[in-house]
Amino acid sequence: MDVRRRQPKSPHRRRHGDDRKDLRLSAPAGAVDRRGEPPPSSSPKASDALPLPLCLTNAVFFTLFFSVAYYLLQRWRDKIRSSVPLHVVTLPEIAAIVSLIASFIYLLGFFGIGFVQSFISRASHDAWDVLDDEVAGDGYLPEDGDPRRAAIACPPPKLAEPEPIDSALSSVEDEEVVKSVADGKIPSYSLESMLGDCRRAASIRREALQRMTGRSLKGLPLDGFDYASILGQCCEMPVGYVQIPVGIAGPLLLDGLEYSVPMATTEGCLVASTNRGCKAIYASGGATSVLLRDGMTRAPVVRFGSAKRASELKFFLEDPVNFETLALVFNRSSRFARLQSIKCSIAGKNLYMRFTCSTGDAMGMNMVSKGVQNVLDFLQSDFPDMDIIGISGNFCSDKKPAAVNWIEGRGKSVVCEAIIKEEVVKKVLKTSVHSLVELNMLKNLTGSAVAGSLGGFNAHASNIVSAVFIATGQDPAQNVESSHCITMMEAVNEGKDIHISVTMPSIEVGTVGGGTQLASQSACLNLLGVKGASKESPGANARRLATIVAGAVLAGELSLMSAISAGQLVNSHMKYNRSSRDITKVGS
Ligand code: ADP
């Protein structure tokens, strides 16, 4: 039982595992016994202070009680037989009655209180009470300090050593496996297949890791996670899971629908700020989005003996006459994969072929890779001199900033816009249309140009993209290109209102596959109404998710830009991003 997880019922009840030591009646520091030796390791008990051992005292009173009771009953029977009135008592009988009452009071005080209390406390009996019993039984004083309860445990069982805090091992057999893993006799990666129990494998790996490194993993939770759900799909060699809080921004009014947007983040202020942007959008009638393009890409690199031969393949691939055949071969990879285009680029005698395909509700990296492999196998017969260097030649381009994604798009290309009314800009965003437009021009456009930015013409699109990606089980590394965004602001309606838009050419999201099927992430997708595969139209859920990401980015841009233009950025971050807790005391 993990005693640290539970809160004490009252401030007077000290039950934390670490506090156990304080509950013991320990000998004064430096104390020695009569032989001049330190006291034995088992803690002294309250009953040690009494002249007689308590079990002996109990035995005396038990004997006294039953013997005088027997004596008085005998006397009572004799009196009835000899017709002597019962109230006429002799001196020995008076002594016997006094002894009976005294021993009764002693036994009642000793056993009766505990007995009655056990009935009273039964109604609220929980695991903590079991702990109390264990603690008392182990020779600890109960928290009320009553020595009688401690003395009941006579003789006291030997004090059990507290379990190692972070050990989750369940058996001796596990201990053997831990030793074998730590000694390198069993490979850590084989535990799941060897044991056939993912939770047990994780716990053994974790224990072995702690022993091998000498570092504690206390604080990294082990329980409360379905390790079978990640096997062969999401994470290898698990030892626990990291917890990230999920906040909600919204409602985001987008295309006439309301969304509560889940954001997993540890950055204070982010959810609050996005929420404020959502409020401004809502108060202005909502935002509108358009999905411009939907296609995942993969670009293998192949090498020929000459640039001429590489060019021949380029012309072959880009000739519309050949497209149908190539698409047929490509689309065999999945019923959802549909080849859209092949664009080539040459570097000397090396050819980079950028395949683009729709992938249904999947983000699509696996799907497109399989399709590309099909085509490469097919081409090999007509171009036997083609040397396949790699299935990915970085012209794709995955998880790296690249102009090709910024210009051509990758995944979903979305534009999202809203007109924010003048009074909303003033009341909700606490700034002015003119300040926002000016700041956008000098920061997001000119400032980013000065910085030589690639797709970074925005204030903080990646903040929102990352938080929504983590909450909904997307690949967080694809935040790189998915955050490409240009934010535009323009005064409209005779300069009173502001038109804001975000254009994001490469939002890479899916609602099936990868981390989207895990329980927490799946719950967040469900909240947005885009969980799993779309029944009506394959790909509709993933496309909707991409527009929600863009809508949330729009809200985030609006709010942060307003905070900067109003000079509030530092103040709000100090409020939400800096706890007033004294960090030197954290953990103490
Ligand atoms: P990714 O290609 O994003 O890595 P996976 O290949 O892991 O994704 O997952 C896609 C799997 O989901 C494929 O096996 C595909 O057949 C299946 N699937 C089921 N329904 C859909 C759908 N509506 N859209 C796309 N894939 C789907």
Side-chain angles (χ1 to χ4, degrees), residues 226-236 238 291 293-300 327-342 353-376 390-394 396-400 405 409-414 465-466 468-483 504-522 524-526 528-549:
D226 178 8
Y227 291 96
S229 69
I230 58 169
L231 185 67
Q233 182 146 17
C234 294
C235 181
E236 299 76 37
L291 190 123
R293 213 165 13 199
D294 179 11
M296 183 41 72
T297 65
R298 179 55 97 197
L328 208 68
V329 174
F330 184 98
N331 295 347
R332 275 189 219 132
S333 68
S334 162
R335 65 199 154 113
F336 299 100
R338 292 293 170 266
L339 185 65
Q340 294 172 348
S341 66
I342 308 170
M353 310 167 250
R354 194 171 192 257
F355 292 78
T356 306
C357 79
S358 55
T359 57
D361 286 307
M363 179 274 289
M365 281 308 302
N366 287 332
M367 217 177 268
V368 68
S369 300
K370 280 190 227 161
V372 167
Q373 189 61 55
N374 289 350
V375 174
L376 290 177
I391 184 91
S392 168
N394 273 8
C396 317
S397 175
D398 193 38
K399 303 175 182 174
K400 293 162 282 282
N405 293 338
R410 187 168 198 255
K412 278 82 175 149
S413 305
V414 180
V465 170
S466 304
V468 178
F469 267 37
I470 293 169
T472 58
Q474 309 306 314
D475 187 337
Q478 290 183 323
N479 155 69
V480 175
E481 59 270 34
S482 297
S483 299
M504 304 178 68
S506 39
I507 301 177
E508 297 162 358
V509 290
T511 58
V512 297
T516 63
Q517 41 90 30
L518 300 178
S520 319
Q521 291 84 336
S522 177
C524 290
L525 287 169
N526 192 41
L528 292 170
V530 294
K531 180 180 161 185
S534 167
K535 303 265 181 318
E536 298 82 43
S537 159
N541 278 353
R543 288 194 288 271
R544 189 100 283 259
L545 179 59
T547 60
I548 294 168
V549 170

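In listed order, ligands and their atoms are each counted from 1.
Counting protein heavy atoms under 4.0 angstrom from atom 14 (O) of ligand 1 gives zero.
Among Val509, Asp361, Thr511, the residue whose heavy atom lies closest to atom 23 (N) of ligand 1 is Asp361. One option in Gly539, Gly364, Gly513, Ser534 has a heavy atom closer to atom 3 (O) of ligand 1 than any other, and that option is Gly364.
The backbone and the side chain of Met367 each have at least one atom closer than 4.0 Å to an atom of ligand 1 (non-hydrogen atoms only). By the criterion of a heavy-atom distance under 4.0 Å, the backbone of Thr359, and not its side chain, is placed next to ligand 1.
Distance from atom 4 (O) of ligand 1 to its nearest protein heavy atom, with residue and atom name: Asn366 ND2, 2.9 Å. At the shortest separation from atom 12 (O) of ligand 1 among protein heavy atoms lies Val512 CG2, 4.0 Å. Annotation: atom 19 (C) of ligand 1 to nearest protein heavy atom, Phe336 CE1, 3.7 Å.
Nearest approach of Cys396 to Thr297, heavy atoms of both residues: O-OG1, 2.5 Å. Here the closest non-hydrogen pair linking Val368 and Phe355 is CG2-O, 4.3 Å. When all heavy atoms of Gly513 and Thr516 are compared, the closest pair comes out as O-OG1, 2.5 Å. Ser397 approaches Glu481 most closely through the heavy-atom pair O-OE2, 3.7 Å. Nearest approach of Gly514 to Cys234, heavy atoms of both residues: O-SG, 3.6 Å.
The atoms of ligand 1 that sit less than 4.0 Å from any heavy atom of Ala362 are 3 (O), 8 (O), 10 (C), 24 (N), 25 (C), 26 (N). The distance from ligand 1 to the heavy atoms of Met363 drops below 4.0 Å at these ligand atoms: 3 (O).
In this structure, a donor-acceptor pair under 3.5 Å is absent between the side chains of Arg338 and Ser358.
From Gln478, atom CD reaches atom NZ of Lys400 across 10.0 Å, with rounding to the nearest 0.5 Å.
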